[in-house]
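First the structure, in the form of structure tokens, and then the observations on it.
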Amino acid sequence: MAKRSLLVLSVALATLVGIAAYLFLYLANVPGSARAAQTSSGVNLYLATVPAAAANDPHPTWVSYYVTNKQDTNWQHKTTFVVPANSLVHVTVYQYDGASGLRNPFISQASGTVGGTFTLNGKTMNAIDPANASHVFALPQLGISVPLAGVASNAKDQCPNAPCTLSQAHMTITFTIKTGAAGLYRWQCFVPCAAGYIDGFGGPMQSIGYMDGYLKVV
Amino acid sequence: MTATANRVPAQSPARQRGLLGFNMLTGIILGVVGWWVFYLLGGLIQGYTNHGFSQTGQNDVQIMLGYLGGVIGFLGGLGFLNYPIQRMMGYPPNIPDHEVEEPGLGKYFRLTTDHKVVSQQYFVGIAFFFFVGGLNAMLIRTELLSPTTHVFGAQQYLTLVGVHGSMMMGMMTSGVLGPFANWLVPLMIGSRRMAFPRMESLTFWLLMAAGVVLITTVFFGGFQTGWTGYEPLANQGTAGYDAYLGFFGLVSISMTLLGLNLAVTIATMRAPGMTWSRLPIFCWSVVATAALMVLAAPMLTATLLMGISDRTLYTAFFDPGLGGSAYLWQNLFWVFGHPEVYVLAIPGFGIVLEILPVFARKPLWGYKIAVSGMLGVAIFSFFVWQHHLFVSGMNADLRPFYMLSTEIISLPTGFTFLAFMATLWRGRIRLTVPMLFCLGWAFNFLFGGISGVFNSDTPSDVTTHGSFFVMAHFHYTIMGGLLFSVMAAMYYWGPKMFGYKLNERLGKIHFWVMFLAFNSTFGPLFAVGFLGMPRRVVTYATNLTGLNDWVSVSAYVLGLSLLLFLFNMVYSWMYKRIPAEDNPWHSRSIEFQLPTPVPAQDFDEIPVFSGDPYPYGEALAPAGAEPATAGAY
Amino acid sequence: MRSEPNHMRRFVALWLLANAIMLPIVIFVLAPGMPPGNGTEQAAGQVVDNTVLLALSTPVALGVLLFLGYTIWAFRERNLDGPVLDGPAVTGNSSVQMWWLITTTALVLFLAGFGSVRLLEDGSGGGQGPSPLVVPSGKALQVQVIGQQWQFTYRYPAYGLETNSLVLPPDTLVEFHVTSLDVIHSFWAYQLGVKADANPGVDNIAYVETRGPLSFEVRCAELCGVWHGYMYNPGKVASSKAAFASWIQSQQQKYSAASKVLPPYSHTYFPGPNGRSG
Amino acid sequence: MDAVSSGYQQEPHQWRLRSLSAGAKMWCGSTSGFMGAFLFAYFYLLALDPNHSWKIGKNVNPSGGLGVAIMAVFVLSGLLLWLGSRRPADEITTGVVAIVLAVVGIALQFVDYGVLGFGPYRGGYASVFYGWTAVFTLGALGGIYWMETSVAALWRARKNGFADTDEELLRVGLQSCALWWSYYVALGVLMYVVLYLV
């Protein structure tokens, strides 16, 4: 009897270990979150987009967003951005990727930001040439969408892999959004920028932690 | 009888199981080796045929080859490969096509040609993957406790949905034919084996390999297409989707061979006197199902090969920009897929109608109409597939036709119900556990069928298509139909198959918990669908939270009821082992006239059948008498 | 022999009684709440359809359930430990089979006929593909629904406008042209009673005739990738045609920059053969 | 169920023979479903012509001559096996020739791939062409295996003078194989007509 119970118990234990591994190694394996910096001038969120993730990343060829800081020196591979509720969030994106062009030109116009505009390298505007779009930072649930222009294809000193520095060719895009009630909102990119995948929408475009993530309003 | 019978020289089991062992362990070891060998070889192929590799870092050729190598290694390790090589040199097969009595548990982990051992392997193997699929269902319901993402996130949620759906729709196609038909058909028709016993074993091990392949998807990031794998979304999928292709590819091959084997067995190996009109109704359901498997499953194989070649050879079957079509997948998939859902349903009809006469103590009412019902469902199921595409934008002129053909399929289904109901009428109904499950089947399938009418009616389908209503509908037909009939079969034949009694009281508790929890889970989902919640979404309208939470809690209870069944199996087997009687149900079908456990050779001599398969009733046997055939078979 | 009551007569009486109770409940209590509500002509038509199906399936369901219940109650073996007794050896009855076949066939043919007639009446709001079988009469407002991973945008060719919110004028025939730029989506406006798959390279047409003001929810109903569960947006039927016109004007102003760069209006848009390489 | 024992200790010999030929016939059915999916894909994509991409580019036409040659070799192989399996004296010779012809057919198919001048991504036609021919070749490899085992078993049994083998069973085995192989070749003819000649 004891031998049988031992057998049953060990099988049950092995099953539980398997379930736990499935739960924690795969299912609950969500990319980390980063809190926006709270400064005297308001809440600041610094992001960067690169043509390819860091060389030691599981997918070193995938395009990706990163969280960084104002000096663009502290790169973290996190795509859940934590921001306070009912406040203005100033977003700055350091954009290092080239243009791939929008499939739906409609998205080349910014919407949902404060004033409906954004600045591109310091210049205020509300739309870009759709063919020049490299990425889009969009929060469709909040109606927010900002096109990110690409680095010219003949620019010097282009950044191939994360992390990049401000000395390399890049575009700086800034805009301000107003957060509402607390909640979990998703963000994504609309440019078919996942090279090699059909319609440019596989891989990084379908993986949270690369071109998708959450805006966690707390 | 000719004198040439059975001149295949008998060989000792030791030879084919010799040096390497040839069991599951060597299978797994060689499977892993095969995976790595082919995976590394595939890594060399990065050129033109693997176009996007440099940009995606994803070598589908390599992964598909890895799966191929893994499966070849696994089957080789089990001993399937030394057989073909011998044959190529002109030697007769050295694996006997029937087994001799062999004690110990070793035979369950090997290539075996005893149809009863294969069916027990099937039972345990399928139950394992059923519980894996069920675990995913529990996790899906956990995520849906809240209207927004809260536990797993959007990406993992879709993998859960995909693995649950694929596991259930893929593995469970053999859920009756594997464990029960392999065991019952040879006994019922009076042969001692299947027509192709080695192929019988192959189908089982292929299915197990398939299940493992599907689980490996989590190492490649999962897949986000659900079990239908609609293109071109699927073509965007990362390497996790290769697991889906490999899984269904293996399942479809296993299904084809299983169906072929069973159909041939019933067609050619019926004992003297076992005419078609004396065939037990369960065998008829196997014939209908096997026909679907033989004809429909190869279409799935072909469709998956197209999907694989799109990802590896850079063809464009499903890429609309390059001359392919997204509809092509939908059409091909459902040409197979609709017969496939009847592959899941028809065996349930057979089980229920087979068990019913025993506990109603009456002959099966309307044998011919029941048979024609099953065959009718099988035939019609090939002509209804476009009802999955009612709002897809396919040619609108065809919709009235598919509406009609879909609704016509309820006529043969109705025959089954007529036979069911009329058999009960004026019987002496014994409410044993198997009988309770049969009645539960009727209750659930009734609602599954009626909700199907809402789906088949195009105007109504505009609302219900792709919603939780559809999801509730097919859970009522497949889970409420197939699973309840499988449970009936388990309690009815289980003691005969495994040689020990199942606890009756636990069985009754199991039935009532499962029946109530099942209806409490999927009943409200009709309402959820009617209120506008699409399938496979991770978020939903906040006003549906209450209903969804109710469903989730019921689903946990449903899951627990299945654990109760598992507990009953283990408890009755290990702790309270009471050997089963030869004929606990006073059944008159032939398998219950054999001793328990059934000997390896089944019959001492090939039986000769005479008379009706269901000789119950006052006119045929004096009231109160034990079956007249006791000891006669 | 037991002294037998007439079981069949009892069962039929029971069934009639149950129907007398349930049918009014179904028709007068449940049916008005049937989806998807009476917001548009097509949605109201679907409510009628669902009502008819429900009313027809009620007697069927009651029949089978009562039959099962009655047989279990009346014919149950109460002494399971006693000798195993058999019922009568009845193996069939051709007239019962014939009547069953006739009844179910009639029911099925009626359902298919009814469904077809209802479908051909107004298209029922379902996507009909590029060449619709049913075109409701009247001048239609064209609205193109463009599915894309993962949001819908709406193009009003008559106003040279594309926007990401859907507003419709009241009492108008609307002709939805549903298409997709990448994978298969499905445009499901629940309260409007519209569902049409958005296929890449295919123009899927669905008609709906709006009634009064209405708020509705648009959801994607075909699994389209990681954010499928989040692909929804609200929409509304405006309170008046004037309100709709002013909404159009405000959108034209808001999206003037985007409107300039829109490609020429077309029923389908192909990403081009290099779509695969992004 | 009333059943009495028959007194047969062994299963009737006919069961094996019938199983083989019934199995081969059903396998033909499965093969039709399998090949039918590609036929469906061909006509579906041809009729739909999405994005006018049935054939992208100019030279998306395989060599008709090579197609006819491949077809002819396979047909000859099927015919030979079919006829030979019914003549016990010639079955091994014809079987070997049929196998060789099938190998030649597959080799020719690879020659065809070599001189095609268009890749599988060149539209719907190219996809079906590559997919279908590849799958047909794969099936032909399976057919070669089946033919080889049937012929080899007969050859070895004949060498031993059928001492410990069931001659009839082996012969029915070869005939079942021939039935399927001829059916497969016939399907192949349909396919080559569609792919190379239409």
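The shown structure was predicted, so the numbers you read here are calculated from the model rather than taken from an experiment. Reminder, nothing fancy here: chain letters follow the sequence lines and each chain counts from 1.
In terms of heavy-atom pairs under 4.5 angstrom with chain C, the leader among B:Tyr540, B:Phe359, B:Trp425 is B:Trp425. Per-residue heavy-atom pair counts under 4.5 Å with chain B were compared for C:Leu119, C:Ile205, C:Leu54, C:Asp203, and the maximum is reached by C:Leu119. Taking chain B as the reference chain and counting heavy-atom pairs below 4.5 Å, the highest number among C:Val60, C:Asn93, C:Val96, C:Leu101 is found for C:Asn93. Of the listed residues (C:Gln42, C:His7, C:Glu217, C:Arg118), the one with the most heavy-atom contacts under 4.5 Å to chain B is C:His7. When B:Met394, B:His465, B:Met533 are compared by the number of non-hydrogen pairs under 4.5 Å with chain C, B:His465 comes out ahead. With chain C as partner, the option from B:Thr432, B:Val538, B:Thr458, B:Leu531 having the largest number of non-hydrogen pairs under 4.5 angstrom is B:Leu531. No other option in C:Val202, C:Val134, C:Leu120, C:Asn199 has as many heavy-atom pairs under 4.5 Å with chain B as C:Asn199. No other option in B:Leu158, B:Leu424, B:Leu439, B:Thr463 has as many heavy-atom pairs under 4.5 Å with chain C as B:Thr463. The choice from B:Gly466, B:Pro320, B:Pro400 that makes the most heavy-atom pairs within less than 4.5 Å of chain C is B:Pro320. Counting heavy-atom pairs under 4.5 Å between each of B:Lys368, B:Arg535, B:Arg399, B:Glu231 and chain C puts B:Arg399 at the top. Between chain B and the options C:Ala61, C:Ala196, C:Ala221, C:Gly201, heavy-atom pairs under 4.5 Å are most frequent for C:Ala61.
C:Trp15 meets the ring-ring contact (aromatic ring centres under 6.0 Å, His included) test with no other residue; sequence neighbours excluded.
Atom CH2 of C:Trp188 and atom OG of B:Ser467 lie 5.0 Å apart (nearest 0.5 Å). Within the model, atoms CZ of B:Phe443 and CG of C:Leu68 stand 9.5 Å from one another, a figure rounded to the nearest 0.5 Å. Note that the OG atom of C:Ser131 and the CG atom of B:Asn395 stand 6.0 Å from one another [nearest 0.5 Å]. Within the model, atoms CD1 of C:Ile184 and CH2 of B:Trp329 stand 11.0 Å from one another, a figure rounded to the nearest 0.5 Å.
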Inset, instruction - Show the numbers, then the answer: is there a side-chain contact (heavy atoms from CB on, under 4.5 Å) between C:Val183 and B:Gln236? - result: CA-CA 9 Å; C:Val183 301; B:Gln236 291 180 349; 3.5 Å; yes

Inset, instruction - Carefully, step by step, assess C:Ser57 and B:Phe454 under the rule side-chain contact (heavy atoms from CB on, under 4.5 Å). - result: CA-CA 10 Å; C:Ser57 43; B:Phe454 285 78; 4.1 Å; yes

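For B:Pro363 against C:Pro88, the heavy-atom pair with the smallest separation is CD-O, 3.7 Å. The minimum heavy-atom distance between C:Leu53 and B:Asp457, with the atom names listed, is CD1-CB, 3.8 Å.
Heavy-atom distances place both the backbone and the side chain of C:Met8 under 4.5 Å from chain B. Proximity to chain C involves both the backbone and the side chain of B:Met421, based on heavy atoms less than 4.5 angstrom apart. Residue contact with chain B, scored on non-hydrogen atoms closer than 4.5 Å, involves the backbone and the side chain of C:Gln128 alike. Only the side chain of B:Gln330 comes within contact range of chain C, judged by heavy atoms closer than 4.5 Å. For C:Val226, the parts lying under 4.5 angstrom from a heavy atom of chain B are both the backbone and the side chain. For B:Thr149, the parts lying near chain C are the backbone and the side chain together; criterion is any non-hydrogen pair under 4.5 Å. Contact annotation for B:Leu233: both backbone and side-chain heavy atoms come within less than 4.5 Å of a heavy atom of chain C. Heavy-atom distances place both the backbone and the side chain of B:Phe530 under 4.5 Å from chain C. Heavy-atom distances place the side chain of B:Ile450, and not its backbone, under 4.5 Å from chain C. Looking at C:Gln149, the atoms closer than 4.5 Å to chain B (heavy atoms on both sides) all sit in the side chain, from C-beta outward. Heavy atoms closer than 4.5 Å to chain B are found in the side chain of C:Leu109, but not in its backbone. There is no contact between B:Met435 and chain C, counting heavy-atom distances below 4.5 Å. With a 4.5 angstrom heavy-atom cutoff, B:Arg430 touches chain C via backbone and side-chain atoms both. Looking at C:Val194, only its backbone comes within 4.5 Å of chain B, counting heavy atoms on both sides.
Across C:Val52, C:Asn50, C:Val48, a single residue satisfies side-chain contact (heavy atoms from CB on, under 4.5 Å) together with B:Ser460, and that is C:Asn50.
Within a 6.0 Å sphere centred on CZ of C:Arg78, other residues, nucleotides and ligands contribute more than 12 heavy atoms.
Contact of the B:Arg428 side chain with the C:Asp86 side chain is not registered, since no non-hydrogen atoms from C-beta on lie closer than 4.5 Å.
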Show every donor-acceptor pair shorter than 3.5 Å between a side-chain atom in residues 408-420 of chain B and any protein atom, with sequence neighbours excluded, or say none if there are none.
{"unit_1": "B:Ser410", "atom_1": "OG", "unit_2": "B:Glu407", "atom_2": "O", "d": "2.5"}
{"unit_1": "B:Thr413", "atom_1": "OG1", "unit_2": "B:Ile409", "atom_2": "O", "d": "2.8"}

